[in-house]
Amino acid sequence: MAVVWRLGLILFGFAAATLVAAFSYAPPADAQERTRIARPIADEPAADYETPPQRLRDFNSDPDAADPEGNPAPADSFGDQDDSPRPPSDNSAEGEPAAPADGAPTSDGLIDLSEPQPPEDGADPTRDTRPPEDAAVFENPPAGPDPLLFQIEDVDPVQTDRRPARLARFEPYDPIGIRIGSFVFFPEAEIAGVWTDNVLSSPDAHSDIAAEIQTKSRLVSNWSTHAVELRGTSLSSFYEDFPSEDDRAWGIEARGRLDITRRTNLQAIASHNVSQESRSAIDANQAGERADVKTELAQLALNHRFNRLSLQLRGSVSDTTYSETDNQDNADRDTLETKQAVRASWQFKPTFSVFAEEELNQRNKEDPPADGIPRDSTGTRTRVGLDFGATGAILRGEASIGYGRQTPDDNRLSAVNAFLFDANLAWRPTEITSFLLTAQSDIYDTTTTDSGGVVSHTIGLEARHALRRYVIASAGIVYTHYDYSKSPIEESALTSFIGGEYYASPELVLFTRYQHLSYASNQIDADYESDEIRVGVRVRK
């Protein structure tokens with residue numbers, strides 16, 4: 001019955017979202033003949049998964065005729081495509097320009113000075129007579145090629161797609177990178193000074209200062225088909241009075257995209273990351289040594305498009321281990337998790353789709369916690385949502401709602417249910433202002449006695465505005481709430497920040513940031529607040 005219920009929820013949510021979208025975007029009925037939008041010829045097969053600039057085609061022209069540049073006419077983006085070459089439809093001699101589609105002679109250099117045609121009697125002269133698909137191009141125009149070469153983003157649109165953040169965090173200069181054969185190398189280094197009044201993130205506040213060094217580097221292919229990306233990061237901090245808070249984090253990541261056909265690709269991500277656990281993390285030590293967290297992750301996604309319908313099959317395997325802290329074994333927190341998901345999307349236009357998704361997971365723990373009850377579990381996540389595309393110049397990203405359930409294998413623990421809200425959505429209403437909405441909901445494990453998990457909801461909003469061409473201000477707020485199942489514990493964290501960046505040159509950026517964290521818990525003497533100021537310089541190419 002549970003499977004039938006989940007399937008019914010997916011179908012109901014998908015149908016509801018489709019009906020809402022259909023009524024919202026249905027074109028008005030009229031007797032005019034519509035101008036069809038031709039799918040532009042892509043230089044890369046991956047263009048089927050993006051939104052390149054669109055080109056209008058005269059509805060009176062032969063659909064098989066060549067364009068003025070001699071390229072074959074593209075197929076309808078939603079029609080059946082035939083990749084075989086088509087002969088030209090005109091009978092012009094080789095080397096001579098083709099005659100215009102309407103048969104009129106060419107008039108290069110001549111200007112039409114005739115009066116515009118008046119509107120028909122009784123017609124409203126202010127009415128927009130453009131077809132909806134033509135108007136949509138101007139409502140959310142494509143942003144054009146991305147110089148950062150973000151080409152492998154569709155494995156998990158909420159967690160791995162960097163293109164919405166790219167739109168929201170605009171800059172006056174784009175990194176140009178260093179060309180190495182058919183690859184482009186993007187290096188970046190950051191040096192900052194940090195002051196905080198609560199370095200341990202605890203009710204007993206202690207201030208400290210630190211030096212921080214951070215590096216990022218990407219090596220990205222620049223090919224006409226397929227794509228490869230290698231990425232490396234590192235973070236080192238040096239506190240003066242509390243070396244236990246020093247960071248020695250680093251990570252490597254490899255991404256790949258295999259273009260099987262114009263409508264099918266295979267994308268994969270593999271990564272290895274080492275970091276130190278945050279004091280505010282679930283089940284983290286509030287004092288003493290921090291645990292080193294090692295995460296190995298492999299993700300794979302198969303994407304295929306059937307006209308307006310797109311399907312994605314994806315899976316992942318992650319292995320997370322925690323080091324010993326103060327001679328305390330943390331094997332009860334080590335987790336091996338596997339996920340499988342299927343997503344179906346229906347495209348109304350390149351910048352608007354609805355989707356439904358079903359995800360399964362299996363979690364295996366190394367050891368049981370102190371209460372002796374194993375925390376192995378299985379779970380489901382059901383989501384329906386809206387996708388606004390990933391290449392628009394005004395709006396891009398997606399948002400979804402859904403339902404999650406995590407069921408422990410041991411029946412001594414109760415199943416954990418949660419409402420889900422996920423988002424990775426960027427809106428740039430003007431050239432100098434943007435907003436980024438991020439949200440993530442999930443059910444996490446805990447070693448808390450008799451608790452089967454923790455429901456976590458995180459939502460954040462960041463705004464950026466260019467005060468001057470080279471001066472950009474930013475501000476934001478992030479709220480996280482933790483609810484422990486079958487336990488009275490409830491925790492929340494509210495983080496607000498404001499910052500500024502000065503782009504002295506394309507390679508040099510000066511920045512500053514102030515952050516305030518307010519942590520609240522219903523446990524006795526667990527609340528605390530902290531303030532942090534960071535000032536630094538960023539060098540990149």
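Along the sequence shown, the residues carry numbers beginning at 1.
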Between [atom1] of [X] and [atom2] of [Y], what distance do you get to the nearest 0.5 Å?
| X | Y | atom1 | atom2 | result |
| --- | --- | --- | --- | --- |
| S316 | L300 | OG | CG | 10.0 Å |
| L336 | T321 | CG | OG1 | 11.0 Å |
| I252 | L230 | CD1 | CG | 9.0 Å |
| L313 | R343 | CG | CZ | 12.0 Å |
| N222 | I180 | CG | CD1 | 12.5 Å |
| H516 | D197 | NE2 | CG | 9.0 Å |

Keeping [X] on the side-chain end and [Y] on the backbone end, is there a donor-acceptor pair under 3.5 Å?
| X | Y | answer |
| --- | --- | --- |
| Q267 | D154 | yes |
| D259 | H226 | yes |
| T264 | I260 | no |
| S505 | L508 | yes |
| E289 | D326 | yes |
| D319 | T295 | no |
| R279 | N285 | yes |
| N364 | E337 | no |
| N198 | S202 | yes |
| Q151 | S221 | yes |

Using every non-hydrogen atom in the two residues, find where [X] and [Y] come nearest and quote the distance to one decimal.
| X | Y | answer |
| --- | --- | --- |
| A344 | L311 | CB-CD2, 3.6 Å |
| N361 | T380 | ND2-N, 4.4 Å |
| L395 | L167 | N-CD2, 4.2 Å |
| R375 | T446 | NE-O, 3.2 Å |
| D371 | I373 | OD1-N, 3.1 Å |
| D332 | P368 | CB-O, 3.6 Å |

Distance alone, cut at 3.5 Å: any donor-acceptor contact between the side chains of [X] and [Y]?
| X | Y | value |
| --- | --- | --- |
| S456 | D442 | no |
| R381 | Q406 | yes |
| K365 | T335 | yes |
| Q362 | T378 | no |
| N417 | R405 | yes |

Check for me whether [X] meets the cation-pi criterion with [Y], that is, NZ or CZ under 6.0 Å from the six-membered ring centre and within 45 degrees of the ring axis.
| X | Y | value |
| --- | --- | --- |
| R333 | Y322 | yes |
| R248 | F238 | yes |
| R428 | F170 | yes |
| R464 | F435 | no |

**OP:** Apply the salt bridge (charged side-chain N to carboxylate O under 4.0 Å, His left out) test between R534 and each candidate in E212, E501, E190; give the one that qualifies.
**Re:**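 For R534, the salt bridge (charged side-chain N to carboxylate O under 4.0 Å, His left out) test succeeds with only one of E212, E501, E190, which is E212.
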
**OP:** Carefully, step by step, assess K339 and L360 under the rule side-chain contact (heavy atoms from CB on, under 4.5 Å).
**Re:** CA-CA 6 Å; K339 294 181 180 180; L360 308 177; over 6 Å; no

Subject >> Chi angles and distances behind the ring pair (Phe, Tyr, Trp, His ring centres under 6.0 Å) call for W223, F183 >> reply: CA-CA 8 Å; W223 305 335; F183 287 80; 5.5 Å; yes

Contact between [X] and [Y] at the side-chain level, heavy atoms closer than 4.5 Å - yes or no?
| X | Y | answer |
| --- | --- | --- |
| F421 | I459 | yes |
| T320 | V293 | yes |
| Y239 | V199 | yes |
| V220 | F186 | yes |
| D292 | T325 | no |
| I269 | E253 | yes |
| S201 | Y519 | no |
| L420 | R383 | yes |

Subject >> Residues R166 and D174 bridged, charged N to O under 4.0 Å >> reply: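 D174 and R166: salt-bridged.
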
Original post:
Do R218 and E229 sit within salt-bridge range, that is, some charged N less than 4.0 Å from a carboxylate O?
Top reply: yes

Original post:
Is the distance between the ring centroids of W195 and Y514 under 6.0 Å?
Top reply: no

Original post:
Under 6.0 Å between ring centres, would you say that holds for F242 and H206?
Top reply: yes

Give every donor-acceptor pair under 3.5 Å between a side-chain atom in residues 468-486 and any protein atom, sequence neighbours left out.
residue : atom : partner : partner atom : Å
T480    : OG1  : T458    : OG1          : 3.1
H481    : NE2  : E490    : OE1          : 3.4
Y484    : OH   : E491    : OE1          : 3.3

**OP:** If the plane angle is over 60° it's perpendicular, under 30° parallel, otherwise tilted; pick one for F419 and H457.
**Re:**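 If you compare the ring of F419 with that of H457, the planes turn out tilted.
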
Original post:
So W250 and H272, would you call those rings parallel, tilted or perpendicular, with 30° and 60° as cut-offs?
Top reply: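 Plane angle between 30° and 60°, so tilted.
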
Subject >> By salt bridge (Lys or Arg N to Asp or Glu O under 4.0 Å) - contacts of E153 (at least two apart) >> reply: R162, R255

Subject >> D247: salt bridge (Lys or Arg N to Asp or Glu O under 4.0 Å) partners, not counting sequence neighbours >> reply: R290

**OP:** Could you walk me through whether S487 and T448 pass side chain to side chain donor-acceptor pair (under 3.5 Å), step by step?
**Re:** CA-CA 8 Å; S487 173; T448 303; 5.9 Å; no

Subject >> Audit row: R314, E357, side-chain contact (heavy atoms from CB on, under 4.5 Å) steps and yes/no >> reply: CA-CA 11 Å; R314 72 171 186 264; E357 176 181 300; 2.8 Å; yes

Original post:
Does atom CD1 of I401 have more than 12 heavy-atom neighbours, drawn from other residues, nucleotides or ligands, at distances under 6.0 Å?
Top reply: no

